[in-house]
Each structure stands twice: as C-alpha cells, then as structure tokens.
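In this text, all values refer to a predicted model and were calculated from it rather than measured experimentally. Numbering of residues begins at 1 and proceeds along the displayed sequence.
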Amino acid sequence: MKLHIERLEGTAYTLIAYSKALKQKVHLVIWIMPNGKHKLFFSTKTSMSGEDVLRTYRSRFQIEFCFRNVKQYTGLTHCQARHKNLLDFFYNASFASQNVAKVMMKENGMPYSMASFKEVMASTYIAKIIFDKCRRIPNRKLISHTVKELFSWQRKAA
C-alpha cells in the first residue's frame with residue numbers, strides 16, 4: 001500500500017510481512033528516495049502505522065548521530081562524577097556544546113562538521129594565547145577579520 005506523507009521526498013510503501021529471521025510478522029516500510037536508493041524500515045509492533053514506523057526510525061538515526069558526535073567530540077564519556085545531579089549537568093553541558101557548535105557553524109555559513117569546528121576553535125584558542133603572551137592591546141577589527149578568514153577557509157576546504 002502506498003503511503004502519502006507530507007514533506008517526504010520520494011515514495012513510501014507499507015505492508016505487513018513475515019520475517020524468517022525474527023520468526024514473526026513485522027510492519028515493513030519501503031522508502032524509495034528521489035535518487036533511486038531504497039531504505040527499509042520495520043517494526044515488530046504491527047499496530048503502528050507505516051508513517052509512524054518511518055518517522056520513528058528516521059528520528060532514531062538522527063539521535064544516534066548526535067550521541068556519536070557528543071561522545072566523540074565533547075567528552076560525554078569522560079565524566080567521572082557519581083552523583084546524579086553532577087552527571088545530569090555534565091550530560092547537558094556536552095549536548096549544549098554540540099548545539100552551540102551547530103549554531104555557530106550555521107551563522108558562519110559552514111557545513112556542519114564537529115571535526116572542522118573543533119579545528120577552528122583550537123586555532124582560535126592558540127591565536128588568543130599568542131595575543132595574550134605578546135601583552136599588546138589586540139586589534140579587534142584585525143581579529144574579527146582573521147576569524148572570518150578562518151571560517152571562510154574552512155568552508156572552502158569542506
């Protein structure tokens with residue numbers, strides 16, 4: 001049966017099928033994307049609608065992508081606290097730093113990549129240390145221009 005889902009590019013079909021591997025019925029959604037590639041999503045909960053199966057699993061993969069980035073780039077797994085409040089604070093700080101990175105990259109017209117963002121921030125930090133060690137009054141216009149050049153360089157490299 002063909003699904004009609006708003007704002008979904010491509011075509012989706014749904015059916016209840018028997019899975020030999022799982023030895024039970026599954027609700028299967030076949031998504032044919034505009035580029036011709038196919039993706040299959042399924043749920044063992046056959047009462048779910050095809051749209052719910054598709055939206056749930058597409059969201060799940062986006063959430064997994066966020067967790068992977070937070071673990072890899074913002075130190076989610078490095079907390080040594082044991083108290084619940086401290087753990088909550090640390091987890092929230094890790095995810096908040098990822099969100100700040102996304103916003104900064106979007107504002108500067110860069111494609112989202114935590115690796116390139118981390119590289120730009122490290123370079124900026126090193127430049128700040130150099131300015132601080134020189135004990136000179138920094139030229140804010142020059143610094144702003146240099147940071148914008150760094151961001152445009154990153155955009156060209158990506």
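Residues Tyr57 and Phe61 come closest through the heavy atom pair O-CD1, 2.9 Å. Of all heavy-atom pairs spanning Cys66 and Lys102, the tightest one is SG-NZ, 3.8 Å. Here the closest heavy-atom approach between residue Ser116 and residue Met105 is recorded as OG-CE, 3.6 Å. Between Ala12 and Val29, the shortest heavy-atom contact is CB-CG1, 4.4 Å. Nearest heavy atoms, Lys2 versus Tyr13: CA-CD2, 3.7 Å. The two atoms that bring His27 and Met48 nearest to each other are ND1-O, 2.7 Å, heavy atoms only.
Note on Leu15: it clusters hydrophobically with Val26, by side-chain heavy-atom contacts below 4.5 Å among ILVMFWY residues. Under a hydrophobic clustering in which Ile, Leu, Val, Met, Phe, Trp and Tyr are joined whenever their side-chain heavy atoms come within less than 4.5 Å, directly or via other members, Trp31 and Phe42 fall into different clusters. A single hydrophobic cluster is not seen to contain both Ile30 and Met33; linkage of ILVMFWY side chains at heavy-atom distances under 4.5 Å, directly or through other members, places them apart. Tracing side-chain contacts under 4.5 Å through hydrophobic residues (I, L, V, M, F, W, Y), one reaches Phe90 starting from Val70; they form part of the same cluster. In the hydrophobic cluster analysis, where Ile, Leu, Val, Met, Phe, Trp and Tyr join through side-chain heavy atoms closer than 4.5 angstrom, Phe95 is grouped apart from Tyr73.
Taken to the nearest 0.5 Å, the CD atom of Gln72 stands 11.0 Å off from the CD atom of Gln98. Atom CG of Asn108 is separated from atom NZ of Lys106 by 13.0 Å, given to the nearest 0.5 angstrom. Atoms CG and CZ, on Leu28 and Phe41 in that order, are 10.5 Å from each other to the nearest 0.5 Å. Between atom CD of residue Glu64 and atom CG of residue Asn69 there is a gap of 12.5 Å, rounded to the nearest 0.5 Å.
Looking at heavy atoms from C-beta onward, Leu54 lies out of side-chain contact with Thr14 at the 4.5 angstrom threshold. The shortest distance between side-chain heavy atoms of Thr44 and Leu22 falls below 4.5 Å. The side-chain heavy atoms of Leu76 and Tyr91, taken from C-beta on, include a pair separated by under 4.5 Å. Counting heavy atoms from C-beta outward, Thr46 and Gln24 have side chains that stay 4.5 Å or more apart.
Ser97 places a side-chain N or O within 3.5 Å of a backbone atom of Ser94 that can act as its donor or acceptor partner.
Shown here is Tyr18, whose OH atom has more than 12 heavy atoms of other residues, nucleotides or ligands within 6.0 Å.
Residue pairs that meet the salt bridge (Lys or Arg N to Asp or Glu O under 4.0 Å) test with at least one member in residues 9-23, sequence neighbours left out, do not exist here.
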